[in-house]
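None of these values were measured; they are calculated from a predicted model. By convention in this document, chain letters (A, B, ...) are assigned in the order of the sequence lines, proteins followed by strands, and residues within each chain are numbered from 1.
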Amino acid sequence: MLKTNMCGELQIKDVGTSVILAGWVARRRDHGGLTFIDLRDSSGTIQIVIKNDKLNLTEKEISQIRNEWVLGVKGIVTERQEGARNSNMPTGDIEISVNELEIINQSNTPPFPINEDLSLDETNRMKYRYLDLRRSRMNQNLKLRHDVMHFIRNFLTNKKFIEIETPILNVATPEGARDYLVPSRIHPGKFYALPQSPQQWKQLLMVSGFEKYFQIARCFRDEDLRSDRQPEFTQLDIELSFVEEKDILILIEELMVSMLKELDLGFDFPLNFPLIPYSESMEKYGSDKPDLRFDLEINDLSSVFLNTSIKIFADVLKKDQRIRGIHIPGGNKLTKKQLQEFNEIAKLHGAMGVASMHFDDDYKITKSEYDGFSSLLEKFISIDELLTLNDRFNIKPGDAIIISAGHDDLTSQVLASIRNEAASMLNLVKETDLAFCFITEFPMFEYSDSANKWTAMHHLFTMPFEEDIQYIASDPKRVRSHAYDLVCNGQEVGSGSIRIHKSELLLKILQQLGIDESIAHEQFGHVLEAFEFGAPPHGGIAPGIDRIVALLAKESDIREVIAFPKTKTASDLLTGAPSKIGTENLDELHLKIDDPSS
RNA sequence: GGUUCAUUAGUGUAGUGGUGAACACACUAGCUUGUCACGCUAGGAACACGGGUUCAAUUCCCGUAUGAACCGCCA
C-alpha cells in the first residue's frame, strides 16, 4: 500500500502517530514559507501543513502544486493550535505535519471546479464524467446507491432468496417497449434483443422450483428518455412461488421500511403503505402515481351543475362527460401568471383550458347574496351552485377552485398535472417526506388508439381477477388484474403482478389481444410449454433501483445516481457511443446501412 | 416524431444594433509562516457554427450542432 491511513478517518485520538497518506489536492493555501493543503481521498479530507524549510522538496516545487494533483504525504498527526481549529471539517481539530512530500502525479487544470457544488453544463459533466464523479455530491450519491444495493442483497438473502443471473442476449418480443437489438454474426439476418426486464426468465425459474428469486438486473428499453428514464437502468427483480398479491406487497413494504430505518437519512415515511385501487387513484388524483405528500384531491362536481346555465358545462354533461375540480385552500394567492400556467397545462394535454374560481379575503355568502367571489364564470353561475360548492368544500376566504370539464381521460391528465403544479407553487411539498403507497387493481387491458386494439396494460402474463375472467371477451375494460405499482412522491418506483401459471388462461388472454395461437406459440411457446410441467402459482415485483436511490438522494434526475449515464439522445459523451463501425464489421454481421442523413 | 428553452474567457454569471464586452473563481508570474472559499500585486483568456436583414450583428431573423424541459413514446 502507498498509504497507511485514510484522510477522513483520522481522529484526535490518532495525535502523535506517524502516517502515510495519499490523495488529491482539494485546496491549497500558499503562505510562502508555510503552505496548507486540504488532501482528499475517498474517505474525506484533512489539512496537511507544509513548513517549506525542512522538506525534501524546494519551496519552488511546493508552490507549483495545484488542485487535483496527487500527493503522497509522510507525516505526524498533530493537534491543531487553539484558535486554528476548523469546526466545519470533521477532521478540523487535527492536521498532518509533513516530513516528506511526494508529487505522485500532476493534473491538468480541471475543466470545472471539483471542490465546489455548482450547477454545471451537462455536456461538460458527461464528457468529463470521471471528474464530475470526484465532486462530493456525486461521490455521496454513488455511495448511497451502494448502500441501497448492499442492504437489499442482505435483506433478501436473510429471507432465503437467491440471486440468479439471467441472459442479456434474448429473443425479441413485439409487445411492450422497443427492444435494443444485437445482430447475430453466426445467424445472418437474425437478432438478439437486450432484456427489457428478466420477465420470462424469472417465471421459468419459478417453474424450476427456486421459489424465491431475486436479481439486481440491468434492463434496456429503446424509447425516448426522460429525467426518470435511461436506455439502460437497474431493477431489483423479485419473483416468488406460492404467494398472493398481499405477500408481495408486505415483503416490499418491509424491505423499504427497514431499509429506510437502517439508512437513517432523516426521512418521514409511513410504516404501512396505503393500498389505493387504480380506479380510486384516477378519481381522486387523476393519476396512477399520485403524490401523496399533499391533499388537493379531485372532486366530481357534475352534480353541482346539473341544471347550470354555464353552457360549456351543460354541453359536457349532455355528452355524459363530467365536470371535475380541485379545491385549493389558500389558492387565491396564486398569481395571474401562475393561473395562466394552469391553462397552458390544460392546452398541453389538449383541453380548451380550465375554469378558476376565486374567493377573496372578504368572501362572504348567504342564501341570497355573495361578496368577494370572482371568476370568468361569475355571470353564469347561480347562487345555489355557489352555495353548494361553498358547503361541500367548506370554502374559506382566500381559497380557489380549478375546474376542468370533459372526458375523464382528459380531465384526469389535466387536473393531475395542475394538482402537482399547484402544490409546488404553494410550497405544500415537504422535502423530507417519502409518501409511499401501492396502487392496486389495475385494469387488465387498455385500448391502444394507435394500434387500434386492446393491449395488456401491465404485461401478458398478469393474472386477472377470478370474478372478472368472464368479461375478458365481452367487456375487457371491466377486467381487473392482480397488477400493482409501488409509488412514492408521484413517481412509479416499482411494478409487479401475480402471473398466470396455466396455459389455458394465457391463451385466452392472447386471443383477446388478437394474437393468433400459432404466433403465440412461436413467440411464447417456450413459456406455454414450461407451464405444462407443473408451474407453481407465482408473482413478483420489480422496483427501480435508480429511481429509489434518486428519491433517497433527493435528486430529481436518475442520471445523478448513475455513474455513467446517457444524454437525452442516448449518447455517451465520454466514450462517443454509439459510434460508426467499419465495413468489415458490417459485412461480418451481414448488415447494410441505409442512413437517409448521409 | 413534435413543441419550447439554452449556448458569452477554463468555470459560473452580467451585458450591448456602433467593442475598452463586465464581475467572481480558476489559470500564469511575483509577494506572503497559521490559513481553511487565506490575502496582496500584475497578466493572459470569451460572444457555438453557417446563412440572412443592416451602413454596422455577439445582440434581430432563419438554419445546423449540442444540451435540457415537455408532449407523443415508455411501466
Side-chain angles (χ1 to χ4, degrees), chain A residues 26-38 45-54 59-60 63-64 66-68 78 80-89 91-92 95 97 108-128 131 175-179 196-197 199 219-231 233 235 288-289 344-345 347-350 413 417 439 442 446 448-451 455-459 462 483-487 491-497 541-544 547 556-557 559 566-569 571 573 597:
Chain A
R27 266 208 169 82
R28 99 204 133 86
R29 293 175 291 282
D30 180 356
H31 291 244
L34 173 73
T35 302
F36 299 96
I37 286 178
D38 293 336
T45 63
I46 190 164
Q47 170 166 285
I48 66 174
V49 184
I50 304 165
K51 298 218 164 127
N52 297 356
D53 49 0
K54 43 172 177 178
E59 194 169 326
K60 174 95 179 158
S63 74
Q64 280 168 342
R66 289 293 176 272
N67 285 349
E68 304 309 318
T78 315
R80 291 206 199 178
Q81 298 164 12
E82 205 57 50
R85 298 168 188 250
N86 184 347
S87 56
N88 298 323
M89 248 175 120
T91 57
E95 60 192 11
S97 305
N108 291 341
T109 304
F112 46 78
I114 308 293
N115 52 18
E116 291 175 58
D117 187 19
L118 280 178
S119 67
L120 296 164
D121 177 58
E122 288 293 312
T123 319
N124 250 344
R125 290 184 65 195
M126 291 307 154
K127 186 169 168 200
Y128 299 98
L131 295 180
E175 300 291 321
R178 195 177 295 120
D179 285 321
Q196 295 178 26
S197 79
Q199 187 58 40
C219 307
F220 307 83
R221 286 173 195 165
D222 188 4
E223 296 291 348
D224 285 353
L225 278 56
R226 284 285 195 285
S227 58
D228 59 352
R229 289 184 343 217
Q230 279 277 304
F233 58 99
Q235 277 187 350
D288 60 359
K289 41 186 178 187
E344 297 302 321
I345 289 172
K347 285 178 190 153
L348 195 65
H349 289 101
Q413 273 193 10
S417 183
I439 306 297
F442 272 81
E446 67 186 336
S448 161
D449 291 325
S450 58
T455 56
M457 192 161 185
H458 183 70
H459 63 73
T462 304
Y484 34 81
D485 279 359
L486 174 63
V487 168
Q491 278 192 63
E492 181 210 313
V493 292
S495 188
S497 64
I541 190 166
R547 290 183 184 180
S556 57
D557 195 313
R559 279 175 297 194
K566 306 271 191 289
T567 66
K568 294 266 150 162
T569 51
S571 27
L573 300 182
S597 72

Which nucleotide in C74(B), C70(B), U33(B) has an atom nearest any side-chain atom of Leu348(A): C70(B)
Taking for each residue the nucleotide of RNA chain B bearing the nearest heavy atom, is the 5' side occupied by Glu492(A) or by Asp557(A)? Asp557(A)
Spacing between Asp121(A) atom CG and A65(B) atom P, to the nearest angstrom: 18 Å
Among A75(B), G67(B), G34(B), the one nearest any side-chain atom of Thr569(A) is G67(B)
Euclidean distance, atom CG of residue Asn67(A) to atom P of U11(B) [Å, nearest integer]: 16 Å
Between U11(B) atom P and Asn115(A) atom CG, what is the distance in whole Å? 16 Å
Heavy-atom nearest nucleotide on RNA chain B for Leu34(A) versus His459(A): which residue maps closer to 5'? Leu34(A)
Does the side chain of Arg29(A) get closer than 4.0 angstrom to OP1 or OP2 of U35(B) through an N or O atom? no
Whole angstrom value for the distance that separates P of U11(B) from CG of Asp117(A): 18 Å
Using a cut-off of 4.0 Å on non-hydrogen atoms, how would the nucleic acid contact of Ala84(A) be classed: base, sugar-phosphate, or nothing? base
Please give the nucleotide sitting opposite U3(B) as a Watson-Crick or G-U wobble pair, both distances under 3.5 Å, or none. A69(B)
What interatomic distance, in whole Å, is found between P of A42(B) and the corresponding atom of C60(B)? 35 Å
Students often get this wrong, so: under 4.0 angstrom with heavy atoms, is Thr35(A) touching a base, only sugar-phosphate, or nothing? nothing
Considering only the P atoms, how many Å lie between U59(B) and G17(B), rounded to the nearest integer? 11 Å
Can a side chain N or O of Arg28(A) be found less than 4.0 Å away from OP1 or OP2 on U35(B)? no
Of all the choices, A75(B), C36(B), C25(B), which nucleotide is nearest to the side chain of Asn86(A) once you look at every atom? C36(B)
Quick one: does Lys51(A)'s side chain get under 4.5 Å of Ser97(A)'s, heavy atoms only? no
When we call it a touch if two heavy atoms are under 4.0 Å apart, what does Arg85(A) touch: a base, just sugar-phosphate, or nothing? base
Run the numbers on Thr109(A) and Arg66(A) for side-chain contact (heavy atoms from CB on, under 4.5 Å), then give the verdict. CA-CA 8 Å; Thr109(A) 304; Arg66(A) 289 293 176 272; over 6 Å; no
When rounded to the nearest Å, what value does the distance between P atoms of U8(B) and A48(B) take? 6 Å
Could you write out each protein N or O paired with an N or O of nucleotides 1-4 of chain B at a distance under 3.5 Å?
from, atom 1, to, atom 2, distance (Å)
G1(B), O6, Asp224(A), OD2, 3.3

Using a 4.0 Å heavy-atom cut-off across all strands, classify Gln491(A) as base, sugar-phosphate, or nothing. nothing
Looking for any heavy atom pair under 4.0 Å, which part of the strands does Thr45(A) touch: base, sugar-phosphate only, or nothing? nothing
Please produce a list of atom pairs where a protein N or O lies less than 3.5 Å from an N or O of nucleotides 6-8 of chain B.
none

G12(B) P sits how many Å from Leu120(A) CG, rounded? 6 Å
Could you measure between the two C1' atoms, the one in A46(B) and the one in A9(B), and give it in whole Å? 4 Å
For the residue pair Asp485(A) and Ser495(A), establish whether any side-chain heavy-atom pair is separated by less than 4.5 Å. yes
Under a 4.5 Å cut-off applied to non-hydrogen side-chain atoms, are Leu573(A) and Thr123(A) in contact? yes
OP1 or OP2 of U66(B) under 4.0 Å from side-chain N/O of Thr567(A): no
Could you check if a side-chain atom of Phe36(A) sits within less than 4.5 angstrom of a side-chain atom of Val49(A), using non-hydrogen atoms only? yes
Between the side-chain atoms of Arg229(A) and the base atoms of C73(B), is any donor-acceptor pair under 3.5 Å? yes
Could you let me know what G44(B) is paired to, Watson-Crick or G-U wobble, both distances under 3.5 Å, or none if it's on its own? none
Rounded interatomic separation in angstrom, taking CG from Leu225(A) and P from A68(B): 9 Å
Using a 4.0 Å heavy-atom cut-off across all strands, classify Gly176(A) as base, sugar-phosphate, or nothing. sugar-phosphate
Side chain to side chain, Lys289(A) and Gln491(A), heavy atoms closer than 4.5 Å: no
Between P on C70(B) and CD on Gln413(A), what's the gap in Å once rounded to a whole number? 15 Å
Side-chain N,O (Arg27(A)) to OP1/OP2 (C38(B)) below 4.0 Å: yes
Out of U66(B), A75(B), C36(B), minimum distance to the side chain of Arg80(A) belongs to C36(B)
Can you measure from CD (Gln230(A)) to CZ (Arg547(A)) and round to the nearest 0.5 angstrom? 11.0 Å
With rounding to the nearest 0.5 Å, note down the distance linking CG in Asn108(A) to CG in Asn67(A). 13.0 Å
Do Arg29(A) and Asp38(A) meet the salt-bridge criterion of a basic N to acidic O distance under 4.0 Å? yes
Classify Gln81(A) by what it touches in the nucleic acid, base, sugar-phosphate, or nothing, heavy-atom distance under 4.0 Å. base
Roughly, in whole Å, what's the span from CZ in Phe220(A) to P in A75(B)? 16 Å
For nucleotides 30-32 of chain B, tabulate all protein N/O to nucleotide N/O atom pairs closer than 3.5 Å, reporting atom names and distance.
from, atom 1, to, atom 2, distance (Å)
U32(B), O2, Asp30(A), O, 3.3
U32(B), N3, Asp30(A), O, 3.1
U32(B), N3, Gly32(A), N, 3.2
U32(B), O4, Asp30(A), OD1, 3.1
U32(B), O4, Asp30(A), OD2, 3.0

Taking OP1 and OP2 of U28(B), is either one under 4.0 Å from a side-chain nitrogen or oxygen of Arg66(A)? yes
Taking atom C1' in both U66(B) and G50(B), compute the distance separating them and give it to the nearest angstrom. 15 Å
Let's test your reading of the model: under 3.5 Å, does the base of G67(B) pair with the side chain of Lys127(A) as donor and acceptor? no
Using atom C1' in both nucleotides, what's the gap between A45(B) and U11(B) to the nearest angstrom? 13 Å
Provide the distance between the two C1' atoms, one in U16(B) and one in U35(B), to the nearest whole Å. 41 Å
Report yes if the side chains of Thr91(A) and Gln47(A) come closer than 4.5 Å at any heavy-atom pair, otherwise no. no
Return the nearest nucleotide to the side chain of Gln47(A); candidates are C74(B), U13(B), C36(B). C36(B)
With both distances kept under 3.5 Å, what pairs with C38(B), Watson-Crick or G-U wobble? none
pair_partner(G50(B)), Watson-Crick or wobble, both distances < 3.5 Å, evaluates to C62(B)
Here the gap from Glu95(A) atom CD to Ile37(A) atom CD1, rounded to the nearest 0.5 Å, amounts to 13.0 Å
Atom C1', compared across G18(B) and U58(B): separation rounded to whole Å: 12 Å
If you compare every side-chain N and O of Asn124(A) against the phosphate oxygens of U11(B) (OP1, OP2), does one of them come in below 4.0 Å? yes
Side chain of Glu223(A), base of G72(B): donor and acceptor closer than 3.5 Å? no
